[in-house]
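Following: one structure in structure tokens, then a few remarks.
Along the sequence shown, residues carry numbers from 1. As the structure lists them, so they are numbered: ligands from 1, and atoms in each ligand from 1. Given the structure is predicted, the values throughout are model-derived calculations rather than measurements.
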Amino acid sequence: MREVIRTLISAKEIELKVKEIAGLITRDYEKLLGFNESEQPDGMTKLILVCILKGGVMFMVDLARQIPLPVAFEFMDISSYGMNSVSSGIVKIERDLDAAITDQHVILMEDIIDTGHTLNHLKNHLMAQHPASLKICALLDKQTRREVDINADYIGFVIPDYFVVGYGLDYAQRHRNLPYVGILEFKED
Ligand code: IMP
Ligand code: MG
């Protein structure tokens with residue numbers, strides 16, 4: 001079996017979309033954070049971007065560079081029981097946040113929403129810590145696959161039900177470093 005990757009979303013399209021989303025986030029949070037470029041006291045309210053490892057890494061770092069506000073990074077790692085492609089709905093947190101998010105503005109960053117079980121679980125987990133606000137930002141959304149009622153506040157691209165790799169997304173830990181998002185197919189020849 002030979003792997004073939006067909007481009008679905010080019011690096012340029014991703015770059016433009018990242019800028020667009022960063023613009024929306026900046027607009028939505030600059031007043032909320034009371035950001036004033038002339039003074040940045042310690043302990044000032046920050047926007048906390050919570051990256052879901054490992055798929056959300058590319059998206060988070062590219063997006064963060066386009067947001068001219070005080071931003072902090074947090075990382076969470078999770079594992080789903082069973083195969084990733086058959087989301088069981090049971091999500092185990094392997095690595096939790098380093099800092100408390102109580103009374104902070106938080107955006108949860110995901111590579112892709114598929115059935116929605118992962119984000120649903122993580123959202124409930126984070127809401128239990130009473131953040132000032134919690135929004136969800138996902139690069140890709142396979143809306144037709146949804147099994148639980150959860151949606152992102154910021155979405156890059158709604159895509160059909162293909163298995164995609166690149167720009168953070170993997171197949172067996174490979175292809176995350178592709179600068180574009182491609183459809184992965186297996187060919188016999
Ligand atoms: P959900 O819990 O079904 O929404 O699953 C979301 C997770 O499944 C994502 O964070 C990805 O890790 C993985 N996933 C879903 N679809 C794809 C895909 O097309 N390519 C790579 N990973 C995927
Ligand atoms: Mg993932």
Exercise. At under 4.0 Å between heavy atoms, which part of Tyr162 makes contact with ligand 1: side chain, backbone, both or neither?
Worked result: backbone
Exercise. Does any N or O in the side chain of Gln66 come within less than 3.5 Å of the main-chain N or O of Leu63, such that one atom is a donor and the other an acceptor?
Worked result: no
Exercise. With atoms numbered from 1 as shown, which atoms in ligand 1 lie under 4.0 angstrom from a non-hydrogen atom of Thr118?
Worked result: 1 (P), 2 (O), 5 (O), 6 (C)
Exercise. Could a heavy atom of Gly116 be found less than 4.0 Å from some atom of ligand 1?
Worked result: yes
For this session: Look at the side chain of Arg6 and the backbone N and O of Gly182, then say whether any donor-acceptor pair between them is shorter than 3.5 Å.
Result: no
Exercise. With ring centroids as reference points, do Phe186 and Tyr171 lie under 6.0 angstrom apart?
Worked result: yes
For this session: Go through ligand 1 atom by atom and flag the ones less than 4.0 Å from a non-hydrogen atom of Asp170.
Result: 21 (C)
Exercise. Which of the listed options, Ile113, Ile112, Asp141, holds the heavy atom that is closest to atom 14 (N) of ligand 1?
Worked result: Ile112
For this session: Provide the number and element of each atom of ligand 1 under 4.0 Å from a heavy atom of Glu110.
Result: 10 (O)
Exercise. Are there more than 12 heavy atoms of other residues, nucleotides or ligands under 6.0 Å from atom OH of Tyr154?
Worked result: yes
Exercise. Of the choices Ile150, Asn120, Asp111, which has the non-hydrogen atom that lies closest to atom 10 (O) of ligand 1?
Worked result: Asp111
For this session: Using atom types as modelled and distance alone, determine if a side-chain donor or acceptor of Lys142 lies under 3.5 Å from a backbone N or O of Tyr162.
Result: yes
Problem set entry | Mode of Lys142 contact toward ligand 1 - side chain, backbone, both, neither (heavy atoms, under 4.0 Å) | side chain
Exercise. Will you find, in the side chains of Thr102 and His130, an N or O donor that is under 3.5 Å from an N or O acceptor?
Worked result: no
Exercise. Polar-atom distance check: Leu119 versus ligand 1, any N or O pair below 3.5 Å?
Worked result: no
Exercise. Do Arg176 side-chain atoms and Gly168 backbone N/O form a donor-acceptor pair below 3.5 Å?
Worked result: yes
Exercise. So, Tyr167 versus Asp62: side-chain donor-acceptor pair below 3.5 Å or not?
Worked result: yes
Problem set entry | Enumerated ligand 1 atoms positioned under 4.0 Å from heavy atoms of Leu169 | 20 (N), 21 (C), 22 (N)
Exercise. Is Val164 in polar range of ligand 1, meaning some N or O pair under 3.5 Å apart?
Worked result: yes
